[in-house]
Amino acid sequence: MKRIGVLTSGGDSPGMNAAVRAVVRAGVANGLEVFGVERGYQGMIEGAIRPLDARSVSGIVNRGGTILKTARSKAFLEPEGRVKAAEQLAAHGIEGLVVVGGDGSYRGAAALYQEHGIRCVGLPGTIDNDIGGTQYTIGFDTALNIATEALDRIHDTADSHDRIFFVEVMGRHSGFIAIMSAIAGGAEEVLTPEEPSDIPGLIARMHDCRTRGKTSMIVVVAEGDDAGGAVDIAKRVEKESDFKDVRVTIIGHLQRGGSPTAFDRILASRMGVRAVEALLAGESGVMVGIENQQMVVRPLSDSWEKKSLFDPDLLRVVRVLGV
Ligand code: ADP
């Protein structure tokens with residue numbers, strides 16, 4: 001193998017740049033030529049492919065977003081789209097790919113390998129931390145820290161006015177950011193997509209908090225909660241209880257931007273190096289993960305078959321500490 005490509009695909013996450021830099025530099029260190037594919041699989045189909053040398057990835061380890069840009073590609077979902085993508089890779093002499101993205105991007109990589117024999121290694125890039133085959137994904141720690149800082153700020157105003165806040169954090173299918181930020185930010189309650197939400201039960205627990213002398217409260221809501229987003233849930237609580245004049249904050253895309261934490265930079269750097277080594281060792285259809293502080297290589301299918309879930313005991317921790 002002489003030439004490899006790297007792309008970022010699906011939802012962006014802070015630390016993707018650190019991963020791209022690591023892939024490029026590990027490739028160069030191993031005598032490979034590395035190409036950057038812009039805008040994920042869409043750019044691959046369109047031939048938006050350019051060489052990257054060690055210097056071209058200077059100064060990006062600390063930058064959020066992705067210099068390669070990211071996209072979703074409908075065309076790539078079809079076999080004809082993947083034929084075009086494979087032709088573009090062949091035209092550039094690219095024999096191996098590192099795909100930084102979520103499990104959707106991995107399905108694409110698996111299809112490219114099965115149908116066209118292009119060796120692919122996946123790196124988990126998503127703030128949601130919900131990919132199987134790894135305990136942490138690139139970007140989760142940064143998003144968690146942003147959500148925690150937001151909760152700290154909301155605490156100040158909630159305390160000053162004796163107010164109740166519903167704070168919505170990202171997580172359409174995953175409550176990782178919600179549960180972890182609830183613990184780190186000292187929230188009283190948390191609602192996640194993993195647990196069926198019981199609004200009367202939530203109101204009862206809020207009453208208990210008030211009886212114990214709490215004058216302000218924070219309820220963290222994952223955006224994909226089964227009872228709705230923070231706006232809907234706050235309205236329901238106001239309607240079904242004597243808690244009135246509650247406030248809602250949606251942190252939104254703030255969680256996806258900004259400089260990645262040291263944890264995410266280190267994770268992305270280690271994963272990028274391991275991905276190049278995996279390609280050179282002839283591996284394909286695999287992803288790099290972290291387990292017990294060690295880099296591990298797992299089948300791509302682990303990402304969607306073994307969805308990563310938070311320990312349900314963490315919910316108990318939130319409630320015990322919200323006493
Ligand atoms: P993520 O990688 O963050 O999960 P998506 O699910 O949007 O994001 O996937 C990113 C891209 O990967 C899609 O736009 C599509 O081009 C490609 N992709 C997703 N699922 C498949 C699939 N089953 N087969 C082929 N390509 C896929």
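Note that ligands are numbered from 1 as they come in the structure, with each ligand's atoms numbered from 1 the same way. All values below come from the heavy atoms of this structure, side chains included, with hydrogens, waters and symmetry mates left out.
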Checklist entry - If we only count N/O pairs under 3.5 Å, is Gly104 in contact with ligand 1? => result yes
Checklist entry - Just wondering, are more than 12 heavy atoms of other shown residues or ligands nearer than 6.0 Å to NZ in Lys244? => result yes
Checklist outcome for this item: Nearest non-hydrogen protein atom to atom 11 (C) of ligand 1, with distance, is Ser9 OG, 3.9 Å
Checklist entry - ligand 1 and Gly102, any nitrogen or oxygen pair closer than 3.5 angstrom? => result yes
Checklist entry - More than 12 heavy atoms of other residues, nucleotides or ligands under 6.0 Å from CZ of Arg63: is that the case? => result no
Next on the checklist: Taking the ring centre of each residue, are His207 and Phe243 less than 6.0 Å apart?
Outcome noted: yes
Checklist entry - Nearest protein heavy atom to atom 26 (N) of ligand 1, by residue and atom, and its distance? => result Gly108 CA, 3.3 Å
Checklist entry - Looking only at protein heavy atoms, which one is nearest to atom 8 (O) of ligand 1, and how far off is it? => result Gly10 CA, 3.4 Å
Next on the checklist: How about CZ on Arg153, more than 12 heavy atoms from neighbouring residues, nucleotides or ligands closer than 6.0 Å, or not?
Outcome noted: no
Item to check | Closest heavy-atom pair and its distance - Arg210, Met217 | outcome: N-CE, 4.1 Å
Checklist entry - Taking all atoms of both residues into account, what is the closest heavy-atom pair of Pro193 and Ala222, and its distance? => result CD-CB, 3.5 Å
Next on the checklist: Between ligand 1 and Ser105, is the shortest N or O to N or O distance under 3.5 Å?
Outcome noted: yes
Checklist entry - Mind checking whether Ser73 has an N or O less than 3.5 Å away from an N or O of ligand 1? => result yes
Item to check | For Tyr41, the ligand 1 atoms whose distance to one of its heavy atoms is below 4.0 Å | outcome: 12 (O), 16 (O), 17 (C)
Item to check | Lys307 atom NZ: more than 12 heavy-atom contacts under 6.0 Å | outcome: yes
Checklist entry - Tell me: protein heavy atom nearest atom 7 (O) of ligand 1, and distance? => result Arg72 NE, 2.6 Å
Checklist entry - Any chance the rings of Tyr136 and Phe263 have centres within less than 6.0 Å? => result yes
Checklist entry - Between Asp103 and ligand 1, which part of the residue brings a heavy atom under 4.0 Å of the ligand: side chain, backbone, both or neither? => result both
Checklist entry - So is Leu77 close enough to ligand 1, meaning a heavy atom under 4.0 angstrom away? => result yes
Item to check | Shortest protein contact, atom 3 (O) of ligand 1 (heavy atom only) | outcome: Gly11 N, 3.3 Å
Checklist entry - Considering only heavy atoms, does Arg82 approach ligand 1 within less than 4.0 Å through its side chain, its backbone, both, or neither? => result side chain
Checklist entry - Among protein heavy atoms, which lies nearest atom 22 (C) of ligand 1, and at what distance? => result Arg107 CB, 3.7 Å
Item to check | same_hphob_cluster(Ile179, Ile177) at 4.5 Å side-chain heavy-atom cutoff | outcome: yes
